[in-house]
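We number each residue from 1, following the sequence as shown.
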Amino acid sequence: MPGSEWGTATEQRFNVNLSILFAELPLLERPAAAAAAGFTAVELWWPWVDSPTPERSELDALKKAIEDAGVQLTGLNFYAGQLPGPDRGALSIPGAESERFRANIDVAADFARSLDCKALNALYGNRVEGVEAAEQDALALENLVLAARAADRIGAILLIETLNQPESPLYPLVSAPAGVAVVDRVNEATGLGNARFLMDLYHLSMNGEDLPSVIERYAAKTGHVQIADNPGRGAPGTGTLPLEDLLGRLRKAGYEGWVGLEYKPGDLPSAAAFDWLPAEARAAR
């Protein structure tokens with residue numbers, strides 16, 4: 001893997017996103033693969049893209065795989081439609097998708113609670129042709145309030161994520177200010193204060209944002225960070241993003257949370273896509 005090993009990586013807490021890394025393996029084999037690579041924490045997009053309410057046996061099997069691997073689940077997406085695929089969430093889409101999101105809220109929250117997972121990510125959803133943006137935004141706020149209350153019930157935070165316009169042209173939250181504005185609206189509506197910004201440095205860089213400025217302005221409202229290099233969404237060192245410097249800035253700004261590795265392994269098997277990170281820095285402290 002191009003790039004040098006990170007000198008300050010031991011100051012970070014990394015987790016592996018098992019929906020983009022180790023995706024060449026069956027779902028139930030991925031937690032053990034992450035553990036074999038030296039990691040002790042993982043996160044997941046909603047794994048059952050066709051079902052917001054999978055059979056109990058499927059939930060139990062994934063829970064057992066995570067527990068048997070000895071890794072901690074630190075983040076989980078609510079149902080988000082076909083992801084990977086054309087969808088970018090369900091909660092702002094009127095009709096059946098919104099209903100699926102609502103049906104998923106307690107399922108996802110209860111699964112997270114069973115594994116002591118403290119962060120739930122709610123992807124906003126694409127704009128729908130023929131539906132007023134204001135109607136979608138009102139529905140989104142209703143559903144995000146429900147999601148925030150469910151997260152609060154299990155002692156978790158609700159994450160709201162900014163994506164990037166080139167890859168997600170129909171997604172309305174394609175800047176840090178847009179994402180943080182939704183966070184603020186949810187917290188105002190619930191009074192719970194548990195909504196947080198998911199700062200994905202890859203997506204923000206694809207939008208051309210001033211990343212040091214974003215970190216300075218929004219680190220205090222950030223509940224989770226995800227990284228991939230740009231261009232290419234590969235491992236750190238495969239592109240030109242100064243990720244080590246940016247994470248250092250986040251720490252100086254007071255961010256002490258998880259850093260999710262949400263990058264593509266490229267042509268390598270996923271186990272070979274971590275050469276940039278010293279082995280001793282992979283286990284969370």
Task: Donor-acceptor under 3.5 Å (R113 side chain, I154 main chain) - done: no
Open item on the list: Can you confirm whether the side chains of D137 and Y124 place a donor and an acceptor under 3.5 Å from each other?
Closed with: yes
- [ ] May I ask you to check whether over 12 heavy atoms, not counting those of Q82, lie within 6.0 Å of atom CD?
- [x] yes
Task: Polar side-chain atom of S168 near backbone of Q165 as donor-acceptor pair, under 3.5 Å - done: no
Open item on the list: Check this for me, if you would: do D68 and K63 make a salt bridge, where the nitrogen-to-carboxylate-oxygen distance has to be below 4.0 angstrom?
Closed with: no
Open item on the list: Looking at every non-hydrogen atom in both residues, tell me the closest pair between V145 and A189 and how far apart they are.
Closed with: CG2-CB, 3.7 Å
- [ ] Could you tell me whether the side chain of V186 reaches within less than 4.5 Å of the side chain of L141, counting heavy atoms only?
- [x] yes
- [ ] Check whether any side-chain heavy atom of V42 sits under 4.5 Å from a side-chain heavy atom of L73, and report yes or no.
- [x] yes
Task: Spatial distance of atom CG (L27) from atom CG (L44) [nearest 0.5 Å] - done: 6.5 Å
- [ ] Determine, using the 4.5 Å side-chain heavy-atom cutoff (strictly less than), whether L120 and F197 are members of one ILVMFWY cluster.
- [x] yes
Task: Minimum side-chain heavy-atom gap P236-I227 below 4.5 Å - done: yes
Task: Separation between CG of L83 and CH2 of W45, rounded to the nearest 0.5 Å - done: 5.0 Å
- [ ] Taking the side chain as every heavy atom from C-beta outward, state whether L21 and F274 have any atom pair closer than 4.5 Å.
- [x] yes
Task: Taking every non-hydrogen atom, the tightest pair across A103 and V107 - done: O-CG2, 3.6 Å
Open item on the list: Closer than 3.5 angstrom, by distance alone: can the side chain of N187 be matched with the main-chain N or O of N194 as a donor-acceptor pair?
Closed with: yes
Task: Check: N126 side chain, P86 main-chain N or O, donor-acceptor pair, under 3.5 Å - done: yes
Task: Atom pair CZ/CD1 of R127 and I93 - distance to nearest 0.5 Å - done: 10.5 Å
TODO: Looking only at non-hydrogen atoms, find the nearest pair between P265 and S270 and report the distance.
DONE: CG-OG, 3.7 Å
Open item on the list: Just so I know, are the side chains of L59 and W48 near enough to count as touching, which here means a heavy-atom distance under 4.5 Å?
Closed with: yes
Open item on the list: Check whether S51 reaches the backbone of T53 with its side chain - one donor and one acceptor, N or O, closer than 3.5 Å.
Closed with: yes
Open item on the list: Please determine whether residues L192 and L159 belong to a single hydrophobic cluster, defined as Ile, Leu, Val, Met, Phe, Trp and Tyr linked transitively by side-chain heavy-atom distances below 4.5 Å.
Closed with: no
Open item on the list: Check this for me, if you would: do R153 and D110 make a salt bridge, where the nitrogen-to-carboxylate-oxygen distance has to be below 4.0 angstrom?
Closed with: yes
TODO: May I ask you to check whether N143 and S98 show a side-chain donor-acceptor distance below 3.5 Å?
DONE: yes
Open item on the list: Counting the benzene-type ring for Trp, do Y263 and Y202 have ring centres under 6.0 Å apart?
Closed with: no
Open item on the list: As a quick check of understanding, evaluate salt bridge (Lys or Arg N to Asp or Glu O under 4.0 Å) for E167 and R88, giving each step before the final call.
Closed with: CA-CA 10 Å; E167 294 174 327; R88 298 292 187 272; over 6 Å; no
Open item on the list: Using 0.5 Å steps for rounding, measure from the CD atom of E161 to the CG atom of L123.
Closed with: 5.5 Å
Open item on the list: Counting C-beta onward and ignoring hydrogens, is there a side-chain heavy-atom pair between L91 and L139 closer than 4.5 Å?
Closed with: no
Task: Common cluster, F111/V49, ILVMFWY with side-chain heavy-atom separation under 4.5 Å - done: no
Task: Taking every non-hydrogen atom, the tightest pair across P31 and A65 - done: CB-O, 3.7 Å
Open item on the list: Walk me through whether L247 and V225 qualify under side chain to side chain contact (heavy atoms under 4.5 Å, CB included).
Closed with: CA-CA 9 Å; L247 292 182; V225 172; 4.1 Å; yes
- [ ] Provide the closest heavy-atom pair for P47 versus L76 in the form atom of the first, atom of the second, distance.
- [x] CD-CD1, 4.5 Å
Open item on the list: Please tell me whether L277 and L241 are part of a single hydrophobic cluster in this structure, the criterion being side-chain heavy atoms less than 4.5 Å apart.
Closed with: yes
- [ ] Measure the CG-CD1 distance between L173 and I160 for me, rounded to the nearest 0.5 Å.
- [x] 8.0 Å
- [ ] State, to 0.1 Å, how close D106 and A150 come at their nearest heavy-atom pair, and which atoms those are.
- [x] OD1-CB, 4.1 Å
Task: Side-chain donor/acceptor of T162 to backbone N/O of S175, under 3.5 Å - done: yes
Open item on the list: Check whether D87 reaches the backbone of G89 with its side chain - one donor and one acceptor, N or O, closer than 3.5 Å.
Closed with: no
- [ ] Give, for atom CG of N230 and atom OG of S205, the distance between the pair rounded to the nearest 0.5 Å.
- [x] 3.5 Å
Open item on the list: Quick check on E24: does its CD atom have over 12 non-hydrogen neighbours (other residues, nucleotides or ligands) under 6.0 Å away?
Closed with: yes
- [ ] Go through the steps to decide whether D200 and E262 satisfy the test side chain to side chain contact (heavy atoms under 4.5 Å, CB included), and finish with yes or no.
- [x] CA-CA 9 Å; D200 186 309; E262 196 188 48; 3.1 Å; yes
Open item on the list: Looking at E97 and R100, is there a salt bridge between them, counting it only when a charged N and a carboxylate O are closer than 4.0 Å?
Closed with: yes
Open item on the list: Do F78 and W46 make a side-chain contact, defined as non-hydrogen atoms from C-beta onward lying under 4.5 Å apart?
Closed with: no
TODO: Say whether Q72 and N15, considering side chains only, have a donor N or O and an acceptor N or O under 3.5 Å apart.
DONE: no
- [ ] Test side chain to side chain contact (heavy atoms under 4.5 Å, CB included) on M199 and L250 and set out the steps.
- [x] CA-CA 10 Å; M199 185 185 291; L250 270 161; 4.0 Å; yes
TODO: Carefully, step by step, assess L261 and F39 under the rule side chain to side chain contact (heavy atoms under 4.5 Å, CB included).
DONE: CA-CA 11 Å; L261 306 182; F39 292 94; 3.8 Å; yes
Open item on the list: If you define the side chain from C-beta out and look only at heavy atoms, does anything of Q12 sit under 4.5 Å from R251?
Closed with: yes
Task: N164 and N207: side chain donor to acceptor below 3.5 Å - done: no
Open item on the list: Would you say the rings of W276 and F14 are close, in the sense that their centroids are separated by under 6.0 Å?
Closed with: yes
TODO: Using only heavy-atom distances, determine whether the side chains of H203 and Q226 contain a donor-acceptor pair under 3.5 Å.
DONE: no
Task: Chi angles and distances behind the salt bridge (Lys or Arg N to Asp or Glu O under 4.0 Å) call for E216, R249 - done: CA-CA 8 Å; E216 184 178 347; R249 289 173 182 265; over 6 Å; no
Open item on the list: Let me check something: do V183 and I157 share a hydrophobic cluster, defined by ILVMFWY side-chain heavy atoms less than 4.5 Å apart, either directly or through other members?
Closed with: no
